[in-house]
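Input: a single structure, listed below in structure tokens.
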Amino acid sequence: MISRYNKNERMSQVVEHNGTVILAGQLATDTTADTAGQTQEILSRVEELLALAGTNKSQLLSATIWISDMDDFTAMNDVWVGWIDAENPPVRACVRADLITPDYKVEIQVTAVK
């Protein structure tokens with residue numbers, strides 16, 4: 001069975017199948033925030049969405065992070081390191097990408113288990 005949460009006509013924010021929970025890429029709503037601020041907002045939303053599906057950050061399997069400017073990598077990474085469950089870090093990829101508009105600095109997508 002597939003469960004979908006926070007869906008609309010074009011996508012779901014969370015999809016669960018056989019105990020695997022996949023989140024859509026998350027962007028900040030406050031595009032005036034710097035990279036650290038956007039990262040913090042995104043990770044807070046990730047926690048909320050994981051909880052909606054009955055899991056949490058200690059159950060992360062993987063994360064993909066898109067960042068618009070690699071000069072901001074340290075700012076993003078410092079927030080990530082402070083947020084992540086250090087005993088259960090997921091695999092991670094981080095790549096530079098042009099996001100929807102230049103105001104977006106970071107996008108994060110994760111997969112977890114229940």
Side-chain angles (χ1 to χ4, degrees):
M1 180 169 104
I2 300 173
S3 299
R4 300 172 196 281
Y5 306 92
N6 290 9
K7 62 184 179 176
N8 60 36
E9 66 281 350
R10 73 180 168 86
M11 66 180 288
S12 298
Q13 289 295 313
V14 182
V15 174
E16 177 188 348
H17 181 258
N18 287 340
T20 300
V21 176
I22 304 166
L23 271 58
Q26 300 298 307
L27 293 162
T29 58
D30 180 3
T31 58
T32 65
D34 62 10
T35 299
Q38 287 192 24
T39 303
Q40 185 61 53
E41 179 188 339
I42 292 165
L43 294 175
S44 292
R45 184 168 316 106
V46 165
E47 281 194 77
E48 292 170 8
L49 292 170
L50 290 171
L52 180 65
T55 191
N56 61 67
K57 65 185 177 182
S58 73
Q59 300 299 305
L60 290 177
L61 297 174
S62 67
T64 303
I65 301 171
W66 295 271
I67 186 168
S68 63
D69 185 344
M70 285 309 243
D71 288 342
D72 293 335
F73 177 84
T74 299
M76 175 282 300
N77 198 57
D78 287 348
V79 175
W80 174 267
V81 168
W83 176 81
I84 198 68
D85 181 336
E87 296 297 315
N88 300 292
V91 298
R92 185 181 96 169
C94 182
V95 296
R96 197 209 65 79
D98 292 329
L99 300 177
I100 295 169
T101 71
D103 296 331
Y104 291 100
K105 312 269 188 234
V106 179
E107 182 172 353
I108 302 174
Q109 187 274 328
V110 301
T111 301
V113 295
K114 288 184 98 170

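Only heavy atoms go into these numbers, but all of them, side chains included; no hydrogens, no water, no symmetry mates. All residue numbers refer to positions in the sequence shown, counting from 1.
Hydrophobic cluster membership is shared by V95 and Y104, with clusters built from Ile, Leu, Val, Met, Phe, Trp and Tyr side chains linked at under 4.5 angstrom. Under the 4.5 Å side-chain contact rule for hydrophobic residues, V21 and I2 do not share a cluster. Linking Ile, Leu, Val, Met, Phe, Trp and Tyr whenever their side-chain heavy atoms come within less than 4.5 Å leaves I67 and L99 in two separate clusters. Hydrophobic clustering, with ILVMFWY side chains joined whenever heavy atoms are under 4.5 angstrom apart, keeps L50 apart from V15.
Here the CG atom belonging to D98 is positioned 10.5 Å from the CG atom belonging to D69, to the nearest 0.5 angstrom. One distance of note links CG of D103 with OG of S68; it measures 9.5 Å at 0.5 Å rounding. From I84, atom CD1 reaches atom CG of N77 across 10.5 Å, with rounding to the nearest 0.5 Å.
The minimum heavy-atom distance between G25 and E107, with the atom names listed, is CA-OE2, 3.4 Å. The heavy-atom pair separating P90 from S62 by the smallest distance is CB-N, 3.7 Å. When all heavy atoms of K114 and A53 are compared, the closest pair comes out as CE-O, 2.8 Å. Considering all non-hydrogen atoms of both residues, R4 and S12 come closest at CB-OG, 3.5 Å.
Checking I42, I65, V81 one by one against M76, the side chain to side chain contact (heavy atoms under 4.5 Å, CB included) holds for a single residue, I65. Here the options are Q109, Q13, E16, the test is side chain to side chain contact (heavy atoms under 4.5 Å, CB included), and the partner is I22; only Q109 passes.
A donor-acceptor contact shorter than 3.5 Å links the side chain of R45 to the backbone of L27. Distance alone, capped at 3.5 Å, is enough to place a donor-acceptor pair between the E41 side chain and the T29 backbone. When atom types are taken as modelled, the side chain of Q38 and the backbone of A33 share a donor-acceptor pair closer than 3.5 angstrom.
Side-chain contact between L49 and Y5: absent, with no pair of heavy atoms (C-beta onward) separated by less than 4.5 Å. Considering only heavy atoms from C-beta on, K57 stays 4.5 Å or farther from V46 through its side chain. Proximity of N88 to L60: side-chain heavy atoms (C-beta onward) are nowhere separated by under 4.5 Å. The shortest distance between side-chain heavy atoms of N6 and V14 does not fall below 4.5 Å. Counting only heavy atoms from C-beta outward, the side chains of T55 and V113 never approach each other to under 4.5 Å. Using a 4.5 Å cut-off on side-chain heavy atoms (C-beta onward), I108 and T39 make contact. Taking 4.5 Å as the limit, every side-chain heavy atom of D34 sits out of range of all side-chain heavy atoms of K105. Counting heavy atoms from C-beta on, the side chains of F73 and R96 never come closer than 4.5 Å.
Considering only residues two or more places apart in sequence or on other chains, K7 meets the salt bridge (Lys or Arg N to Asp or Glu O under 4.0 Å) condition with none of them.
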Next item on the list: Output, in order, the C-alpha distance, side-chain angles, deciding distance and verdict of side-chain hydrogen bond (donor to acceptor under 3.5 Å, both in side chains) for D30 and T32.
Entry: CA-CA 5 Å; D30 180 3; T32 65; 2.4 Å; yes

Next item on the list: Could you walk me through whether N56 and Q59 pass the side-chain contact (heavy atoms from CB on, under 4.5 Å) test, one step at a time?
Entry: CA-CA 6 Å; N56 61 67; Q59 300 299 305; 4.1 Å; yes

